[in-house]
Novice: 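Once you've had a glance at the structure underneath, I'll fire off some questions.
Heavy-atom basis, side chains included; hydrogens, waters and symmetry copies ignored. Predicted model only: the values in this text are computed from it and were never measured. The chains referred to below are lettered A, B, ... by the order of the sequence lines, with proteins before strands, and numbering in each begins at 1.
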Number of protein chains: 2
Amino acid sequence: MTNVDVHTHLYPPSLVELLRSRTEVPYVRSFDAAEGERLIILPSEDASTSTSRGRPFGPDYYDVSRKMSFMKVHGIDISVLSLANPWLDWVAAEYAAETAKMVNDDFETLCASQPGKLYAFATLPLSGTVEEIVAEIARLKTLKYCRGVVMGTSGVGQGLDDLKLEKIWAALEKEEMMLFLHPHYGLPSEVFGPRNAEYGHVLALAMGFPMETTIAVTRMLLSGVFDRFPKLKCLLAHSGGTLPFLAGRIESCIAHDAHLKKEGKLEHRRELWDILRTNIYLDAVIYSELGLNAALDASGADRIMFGTDHPFFPPLEEDEHDREWPSVTSNLAAMINTFGEDEAGGIDLMGGNALRVLGIECIQSKE
Amino acid sequence: MTNVDVHTHLYPPSLVELLRSRTEVPYVRSFDAAEGERLIILPSEDASTSTSRGRPFGPDYYDVSRKMSFMKVHGIDISVLSLANPWLDWVAAEYAAETAKMVNDDFETLCASQPGKLYAFATLPLSGTVEEIVAEIARLKTLKYCRGVVMGTSGVGQGLDDLKLEKIWAALEKEEMMLFLHPHYGLPSEVFGPRNAEYGHVLALAMGFPMETTIAVTRMLLSGVFDRFPKLKCLLAHSGGTLPFLAGRIESCIAHDAHLKKEGKLEHRRELWDILRTNIYLDAVIYSELGLNAALDASGADRIMFGTDHPFFPPLEEDEHDREWPSVTSNLAAMINTFGEDEAGGIDLMGGNALRVLGIECIQSKE
C-alpha cells in the first residue's frame, strides 16, 4: 500500500527569493522581527498598516525537509507538490515565461533530491502569451517528475470559460496532462456581510474557496470546454468545492433555462454527471464522511485521491506542529469509516488511484 | 400516505395589486401586451430598457386554482404556501406592519378556501420596527393555517447574524414557530464572470442561491444564534444550499481559526453537526439522489421534507405546464430510488415529517 498526497503545497526557493525582493503585492516581508515573515497576496490585505497583515510564512511553506517530516508523521509515501496561490498571474508579461521555467525547474530539482518520494504539478506562465504557455506545457512533458499543472480559477484573467484558453486546453489534452484546478481569490468579502472580520478567516476559507471552484467548473461546462476537449483531465481541489452536492441542481437549472434552449445549447450537450465520471477527478479533502461519500457518488471510487492541503490548517498550538495534524486525520478517519482499514477501495483512494492516474508507478519501478 | 409540499410559493392577490400599482422596483408591469406581465425584483433588472426585463409573471404565481391543479397532477395532498421574493423589506417603514398583516390575512383566507389542503408560512414586516415584527409573530400564532414564517437571508437588512434580530429569534423560539429560510438576492453577478449572461439564469439560480443560504446559516452559527436560542427551528430551502456537503470543511475551518481561539469562541460552542440534527430541517429540493442522501446523512430521515419550488422551474414548453413537471419528478425519483415506493422513510419524507413537525395532523383531524 502506497499513500500518495495529491494536494500539498510548497513555495520553491527561487520563488521565495523573488517574493522577498518585491515591494508590491504579492510579496514576503518581516514587519516585526519577533513575529517572523508574512506573505501578502492580495491588495486588500496590504491596505492594513498592522504588522500582522497577510499570513505567517514559515519554513513549512518552503523548506522541503519540513515536507518530508510531515509526510513521515502521516505515513505519506509520495507527495505531488504544487505551488499555492498566488500563482504566476502577477508576473510582468515580459518575465512570465522565464519565471514559470524557474519555478518548474526548481520543483524538478526538489523532486530529484528525494527520488521516488516527490513529484510535482507545474505552474504555467499565465501572464505571458498563449504561445508561451503552450510552449511551457510541451517542455513540462520532458521533466521527469512533472505530473500535470496547477491553475487557479481565474485562468489568464477572465476565468476558465475564456476562449483565450482554447489552445491551452488543447495542449493539456494532447499531452494527456492533468490540470489541478485550485481556488485562487475566493469570493469578494462583501458577500460575507459586515461581521466577517469577527469570524477570523472562516467564511472566506470554508465557503469562498469551494464556491469559487464550483462556479469556475460550471463556467467551463456551460461554455462547452468539455464538449470540445472530451479528454481533458481535471483534478478538483476540496472534492470539487460543492460540485457533487449541486450537480443535480445545476443540471436541472440548465434543462429549464429558456435562454439556453433558444440558443440551441440543450442539444447534444454532455451532462455534468457524465463529465464528473469522465473528465473530473476529486481530491478527498472534504473533512467528513458525508462529503467523502458524496464525492464517491459523484465521480466513483476510482477517481478520488487522498490529499492534505499541507501546510495550511496546522494545529493551533505551535508545539503540536510535529505531531499528527487533525486537519489530516479527519480526512483519514472519513476514509477508514467508509472503507475499513484495509479494503481495496480505501487503498485506491489513499494512493492506488494517484499512482495509476498520474502514471507514477511506472517511474517508481525504474528507480 | 399524505403528501405535503413545504416549499411552494404564491403571491397573494392583495400583494399582486400592490405590486401592480407601483412604479419603482419591485413592481409588476406589462411592457408588451402580447408578452403578458413581468415581475421586476431588482434594480439591476430594471436598468434594461428591454420589454423582457424581469421575469414572466402569470397565473401560476398568484392564482390559487393553478396551485390546486398543480397539486392534483403531482399527487400533493397539502401545500404549505409561502411568499417568494421579494419579501417585504422594500416596504416603507410606516406601512410595514399593515402590509405584512394584509399579506398574512390574505394567505389565511386562501387557506380557508381549501380547508385541510393549504397552510402557510407567513411573512414578517422586516422594514418595520423589531417591536412590530415581534407583535406580528404573536398575532400569527392566532391564525389557524399559519405554520411558521418565511424569511430571506438578509433579515432586517444586514444578514442573519445581526444582533437586531435577537428579539425575533426569541419570539420564534417562544412561539415554537418554524423559520423557513430562503435565499433572496443571490450573489453579486460579478462573481459569475463576464460571460454570465450567455448562460441564461443558470449560474445565479444554480450557484448563487444555494451559496447565499449556506453563507447565511454559517453566519448564524458563527454569531452564536443557535447557542443563545437552542430551540430555534429552521427549515432550509434547497436542502440547505450546500451546507451538508460543506459542514465538515466549515467545522474544520472553525477548529483551526487562530482568531476564534484567541477570542475564546472555540470553547463550549455547539458544532454544526449537532445543529443540523437539532435545529435544522431540510427540504428535499436538490434534484439528485446524491444530494438527497447527503441531506439525509446531515439531518436524518426524520427532518427532511418534500418540496417542489412551484411555480419556478416549469417545463420549457408552454403546452407541458399542465402535465407532470420534470423539476418535481426528479426530486420524486431521488426519493423512490433511495427508499423504494412504499417504505416508511419515503412516507416520512413525502409528508409524515411535515405533518408532525408543522403540527398539521392535529388541525386536519378536527375538520
Novice: Do you know which of B/L187, B/L203, B/L222 has the most heavy-atom pairs under 4.5 Å to chain A?
Specialist: B/L222

Novice: Using a 4.5 Å cut-off on heavy atoms from C-beta on, say whether the side chain of A/M207 contacts that of B/I250.
Specialist: yes

Novice: Test side-chain contact (heavy atoms from CB on, under 4.5 Å) on B/I286 and A/F245 and set out the steps.
Specialist: CA-CA 8 Å; B/I286 187 66; A/F245 189 69; 3.6 Å; yes

Novice: What are the sub-3.5 Å donor-acceptor pairs between chain A and chain B, distances to 0.1 Å?
Specialist:
unit_1	atom_1	unit_2	atom_2	d
A/D161	O	B/R195	NH1	2.4
A/D161	OD2	B/Y199	OH	2.7
A/F192	O	B/R219	NE	3.4
A/R195	NH1	B/D161	O	2.4
A/E198	O	B/H259	NE2	3.4
A/Y199	OH	B/D161	OD2	2.8
A/H201	N	B/D257	OD1	2.8
A/L205	O	B/R249	NE	3.0
A/L205	O	B/R249	NH2	2.8
A/R219	NE	B/F192	O	3.4
A/R249	NE	B/L205	O	3.0
A/R249	NH2	B/L205	O	2.8
A/D257	OD1	B/H201	N	2.8
A/H259	NE2	B/E198	O	3.3
A/K261	NZ	B/E317	OE2	2.8
A/E317	OE2	B/K261	NZ	2.8

Novice: Under a 4.5 Å heavy-atom cut-off, does chain B meet the side chain of A/L316, its backbone, both or neither?
Specialist: side chain

Novice: With a 4.5 angstrom heavy-atom cut-off, is it the side chain or the backbone of B/A197 that approaches chain A, or both, or neither?
Specialist: backbone

Novice: Under 4.5 Å heavy-atom distance to chain A, tell me which part of B/L292 shows up: side chain, backbone, both or neither.
Specialist: neither

Novice: Counting only heavy atoms closer than 4.5 Å, note whether A/F312 contacts chain B via side chain, backbone, both or neither.
Specialist: neither

Novice: Check each atom of B/I215 against the heavy atoms of chain A and say whether the ones under 4.5 Å are side chain, backbone, both or neither.
Specialist: both

Novice: What part of B/I254 is in contact with chain A, defined as an atom under 4.5 angstrom from a non-hydrogen atom: side chain, backbone, both or neither?
Specialist: both

Novice: Shorter than 4.5 Å, heavy atoms on both sides: which option in B/G208, B/P210, B/P188, B/A295 has the most such pairs with chain A?
Specialist: B/P210

Novice: In terms of heavy-atom proximity below 4.5 Å to chain B, should A/L290 be classed as side chain, backbone, both, or neither?
Specialist: both

Novice: What part of B/A255 gets within 4.5 angstrom of chain A, counting heavy atoms only: side chain, backbone, both, or neither?
Specialist: backbone

